[in-house]
2 protein chains.
Amino acid sequence: MEKIIIELEDTAKTLKLLGDKTRLTIIGLLKDSECCVCEFVEVLQMSQPSVSQHLRKLRDAGLVREQRRGQWIFYSLNAQHETYPIIQQILDQIPDQKEKLRALEEAGLRIQCN
Amino acid sequence: MEKIIIELEDTAKTLKLLGDKTRLTIIGLLKDSECCVCEFVEVLQMSQPSVSQHLRKLRDAGLVREQRRGQWIFYSLNAQHETYPIIQQILDQIPDQKEKLRALEEAGLRIQCN
DNA sequence: TGTAAATATAAGCATATACTTATATACTAA
DNA sequence: TTAGTATATAAGTATATGCTTATATTTACA
């Protein structure tokens, strides 16, 4: 496995964004599948504007991508981001968020598009 | 290699501290050897109080340890910290800071104690 | 069309952050 | 003792952050 070195300043920027419980949870959720804003609102139990503002920061930094599908906007991890390897390492060491998505699904709150 | 899972909130706290260029550099320097405050001041080209305040945050969080030797206080990474595995991964992906310490040494500014 | 749903953005505000300058503390050595 | 060096801490300040409420935008659908 080749070792990838990422500039210190870029790394610091990414870590700063992930150094927030809400945003780290968002990234953790995106590890398993893309999600739309209303799903984050439900899982995080936060107001919609607050969630949108966190997503905006992640998007502005290029860590996530957005894609509109009908009335929903889906977010996903941007695996092309320079610091993605670091994000992967971090995701590997925090608890899996899959369970939260499963709970959503069981509550019938998961959004499915075609 | 056993997989170590670290609570999301603890991880976020550590990432927040590392999400600052100055502190990330400090941690990067400590990867290679312990350092005293005046060495950080020299390498980082920052005021002594500013450096001390960054070190305090790292120490309060338990990420670094301090040890007085004579008139100097040396800081080192705390390998016992719960989030140390994450710090290691991050250190593995940023540029090596060893060169900066070597430059210090050549300038005769490295502190040596017994 | 008009209304509802999903989302983004703007404005306001309280708190956190990262410096600065000034001063206190602890150790060393004359 | 006293002066000098290394370091910590305190106080002040400008800026950043993360929420809130209010409003705008886009799409779906009756």
Side-chain angles (χ1 to χ4, degrees), chain A residues 8-9 12-27 29-30 34-61 63-76 104 108-114, chain B residues 8-9 12-27 29-30 34-61 63-76 104 108-114:
Chain A
L8 192 137
E9 198 153 355
K13 268 184 207 161
T14 290
L15 297 182
K16 181 173 196 172
L17 282 167
L18 299 189
D20 172 274
K21 198 185 167 185
T22 300
R23 287 190 295 265
L24 187 56
T25 305
I26 287 175
I27 295 290
L29 289 163
L30 292 179
E34 53 178 20
C35 296
C36 67
V37 182
C38 59
E39 292 174 322
F40 290 127
V41 169
E42 187 61 30
V43 169
L44 300 167
Q45 290 287 298
M46 290 180 65
S47 75
Q48 174 266 314
S50 189
V51 168
S52 275
Q53 283 157 15
H54 282 295
L55 287 168
R56 177 121 134 84
K57 290 189 180 186
L58 294 171
R59 177 170 54 80
D60 283 353
L63 297 188
V64 302
R65 285 183 167 156
E66 67 174 27
Q67 187 192 8
R68 178 178 278 275
R69 276 194 229 132
Q71 65 193 138
W72 295 283
I73 296 178
F74 283 79
Y75 284 84
S76 56
L104 252 200
L109 294 172
R110 201 73 212 279
I111 306 297
Q112 296 294 347
C113 284
N114 19 350
Chain B
L8 192 136
E9 197 152 356
K13 268 184 204 161
T14 290
L15 297 182
K16 182 173 195 173
L17 282 168
L18 299 190
D20 172 276
K21 198 184 166 185
T22 300
R23 287 190 296 267
L24 188 56
T25 305
I26 287 175
I27 296 290
L29 289 163
L30 292 178
E34 54 178 21
C35 297
C36 68
V37 183
C38 59
E39 292 173 320
F40 290 127
V41 169
E42 187 61 31
V43 169
L44 299 168
Q45 290 288 299
M46 289 179 68
S47 76
Q48 174 266 315
S50 189
V51 168
S52 274
Q53 283 157 15
H54 282 295
L55 287 168
R56 177 121 135 83
K57 290 190 181 188
L58 294 171
R59 177 170 54 80
D60 283 352
L63 298 188
V64 303
R65 283 182 167 155
E66 66 173 30
Q67 188 193 9
R68 178 177 277 275
R69 277 195 228 132
Q71 66 193 136
W72 295 282
I73 296 179
F74 282 79
Y75 284 84
S76 57
L104 252 200
L109 295 172
R110 202 75 212 280
I111 306 296
Q112 295 294 346
C113 285
N114 19 351

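Letters go in sequence order (proteins before strands), and every chain restarts at 1. Basis for what follows: all heavy atoms, side chains included, without hydrogens, waters or symmetry-related copies. The structure presented is a predicted model; accordingly, all values stated were derived computationally and were not measured.
Looking at the side chain of A:Trp72, the nearest of the listed nucleotides C:dA6, C:dA18, D:dT7 is C:dA6. With D:dA16, D:dT9, D:dG18 as the candidates, the nucleotide lying closest to the side chain of A:Asp20 is D:dG18. For A:Lys16, whose side chain is taken as the heavy atoms from C-beta onward, the closest listed nucleotide among D:dT9, D:dA16, C:dA6 is D:dA16. The side chain of B:Thr22 lies closest to C:dC19, out of C:dT9, C:dC19, D:dT9.
In this structure, A:Lys21 NZ and A:His54 NE2 are separated by 12.0 Å, a value rounded to the nearest 0.5 Å. Summarising the geometry, atom CG belonging to A:Leu24 is positioned 10.0 Å from atom CG belonging to A:Leu58; distances are rounded to the nearest 0.5 Å.
At the heavy-atom level, A:Tyr75 lies under 4.0 Å from the strands shown only through sugar-phosphate atoms. Across all strands, B:Lys57 comes closer than 4.0 Å only to sugar-phosphate atoms, never to a base (heavy-atom distances).
Taking 4.0 angstrom as the limit, B:Arg56 places none of its side-chain polar atoms (N or O) nearer than this to OP1 or OP2 of D:dT7. Put simply, B:Arg59 has no side-chain N or O that comes within less than 4.0 Å of OP1 or OP2 on D:dT7. Between A:His54 and D:dC19, a side-chain N or O to OP1/OP2 separation shorter than 4.0 Å is present.
Distance A:Ile73 CD1 to C:dA5 P: 17 Å, rounded to the nearest Å. Atom CD in B:Glu66 sits about 13 Å away from atom P in C:dA26, given to the nearest Å. Protein atom CD of B:Gln67 is 13 Å distant from nucleotide atom P of D:dA8, rounded to whole Å. Rounded to an integer number of Å, the gap from A:Glu39 CD to C:dA5 C1' is 15 Å. The distance from atom CZ of A:Arg23 to atom C1' of D:dC19 is 12 Å, rounded to the nearest whole Å. Atom CD1 of A:Ile111 and atom C1' of C:dT7 are 13 Å apart (whole Å). Residue B:Leu55 contributes atom CG, which lies 14 Å from atom C1' of D:dT9 at whole-angstrom precision. In this structure, B:Ile26 atom CD1 and D:dT7 atom C1' are separated by 14 Å, rounded to whole Å.
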- Item | Summary of protein contacts for nucleotides 20-30 of chain D, nucleotide by nucleotide, where a base hit scores B, a sugar-phosphate-only hit scores S (4.0 Å, heavy atoms) | BBB----SS--
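Across B:Cys36 and B:Ile111, no two heavy atoms sit closer than the pair SG-CG1, 3.4 Å.
Listed by chain and number, the residues in a side chain to side chain donor-acceptor pair (under 3.5 Å) with B:Ser52 are B:Gln48 (sequence neighbours excluded).
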